[in-house]
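Written below as structure tokens is the structure these notes are about.
Counting starts at 1 for both ligands and their atoms, in listed order. If you read the sequence from its start, that first residue is 1, and numbering goes on from there.
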Amino acid sequence: MITVGAAQMGPIEKEDTRSDAVDRLVALLEDGASRGCELVVFPELALTTFFPRWFTDDVAEMESWFETEMPGPETARLFERAAELGVGFCLGYAELVVLEDGTRHRYNTQILVERDGSVVGKYRKVHIPGHEHDEPGRPFQHAERHYFEPGPEGFDVWDAFGGVVGMAICNDRRWPETYRVMGLKGVELVLIGYNTPLHYDPDPQQNALAGFHNNLVMSSGAYQNGTYVVGVAKGGIEAGIESLAQSAIFAPSGQVVAQCITTGDEVAVARLDLDFCSFYKETVFDFDRYRVPKHYRSISQEKD
Ligand code: CDV
């Protein structure tokens, strides 16, 4: 059994400091702890505004949004408070890696921190949406492909919190392969942070379906792999642009077991029985017995 909090955040504005964000993360952590949480899940890029909405070629400006160490000077007190409370957390942030030869790598990253404050897992976003170049015709940019390179490690799982835990970030949640790769590794709890603007410029007829698609992909990912899924938004109106909230926790049955009802800072809590996963993993989705991989080869082939 594990009690999990989906710690949704409302907007973080461009002017807000890392310290402002950490104040809010600590408040959410304390709220979760007071309601019995052992694990609190924060959104994608939880320390800053969703900066890919502004295009810049100025590397210093770009990298001002990134962390070079975790915990760092501003985030150390989040780790300390979590260890004091005995509550673990999952945190999304922009990660800058500078190698000894000077090579720079920028990732959209999420970490899993155990109840003693130790980092047990790191995931770097694989599916990077949006565009590489400035597209001034849009009402706002979604230049994730300019700011981030895809994570090289892929989808892993970790033995943590008494179960098998995996992570994914935002656009990853729309791809069945994300859940399946972790499902094949026995995942029981998938933690996903997201920032999803309600306006999707390449095809605005999808705007009205943002909430439906959000539920559709996480519910089916949970059901088809016999796992819990925790989806956590940074929602509300940030820099004048509205993003989806609707953070929710899904059971292996595909049902919603807890959901945020606001578009701001709010923790949705659920007590999860990880053994419940086996009802699905050992019956209709008994992979060893029923999967037919020889017919699936084309989905894992490299594109030419
Ligand atoms: N942060 C994201 O990955 N956002 C995408 C948007 C661009 C559609 C998403 O899949 O929600």
Quick one: nearest non-hydrogen protein atom to atom 7 (C) of ligand 1, plus distance?
His142 CE1, 3.3 Å
Member of Arg24, Arg35, Arg81 meeting the salt bridge (Lys or Arg N to Asp or Glu O under 4.0 Å) criterion with Glu30:
Arg81
Positive for side chain to side chain donor-acceptor pair (under 3.5 Å) with Thr196, one of His213, Arg173, Gln246, Glu44:
Arg173
4.5 Å side-chain heavy-atom contact, Tyr93 and Ile111
yes
Side chain, backbone, both or neither: the part of Tyr194 lying under 4.0 Å from ligand 1 by heavy atom
neither
Looking only at non-hydrogen atoms, which of Asn195, Asn171, Thr196, Ile128 approaches atom 11 (O) of ligand 1 most closely?
Thr196
A student checking ligand 1 against Arg173 at a 4.0 Å heavy-atom cut-off should list atoms 11 (O)
Number the atoms of ligand 1 from 1 as they appear, then name those within less than 4.0 Å of a heavy atom of Lys125, with their elements.
1 (N), 2 (C), 3 (O)
From atom 2 (C) of ligand 1, work out which of Ala233, Cys170, Ala210, Pro197 has a heavy atom at the shortest distance.
Cys170
Does Glu144, backbone or side chain, put an N or O under 3.5 Å from an N or O of ligand 1?
yes
Any donor-acceptor pair under 3.5 Å linking the side-chain atoms of Thr49 with those of Glu13?
no
For ligand 1, does Glu44 get within less than 4.0 Å through its side chain, its backbone, both, or neither, judged by non-hydrogen atoms?
side chain
Less than 4.0 angstrom from a charged side-chain N to a carboxylate O is my criterion; do Arg124 and Glu149 meet it?
no
Are Asp156 and Lys185 close enough for a salt bridge, meaning some N to O gap below 4.0 Å?
yes
Can you tell me if Tyr123 and Asp172 form a side-chain donor-acceptor pair at under 3.5 Å?
yes
for atom 10 (O) of ligand 1, nearest protein heavy atom and its distance come out as Arg174 NE, 2.7 Å
Heavy-atom contact check, 4.0 Å cutoff: does Gly130 meet ligand 1?
no
Verify the distance criterion only: is there a donor paired with an acceptor across the side chains of Asp275 and Ser278 at less than 3.5 Å?
no
Applying a heavy-atom cut-off of 4.0 Å, say which part of Lys234 lies close to ligand 1: side chain, backbone, both or neither.
neither
Relative to the heavy atoms of Phe50, which atoms of ligand 1 are at a distance of less than 4.0 Å?
1 (N)
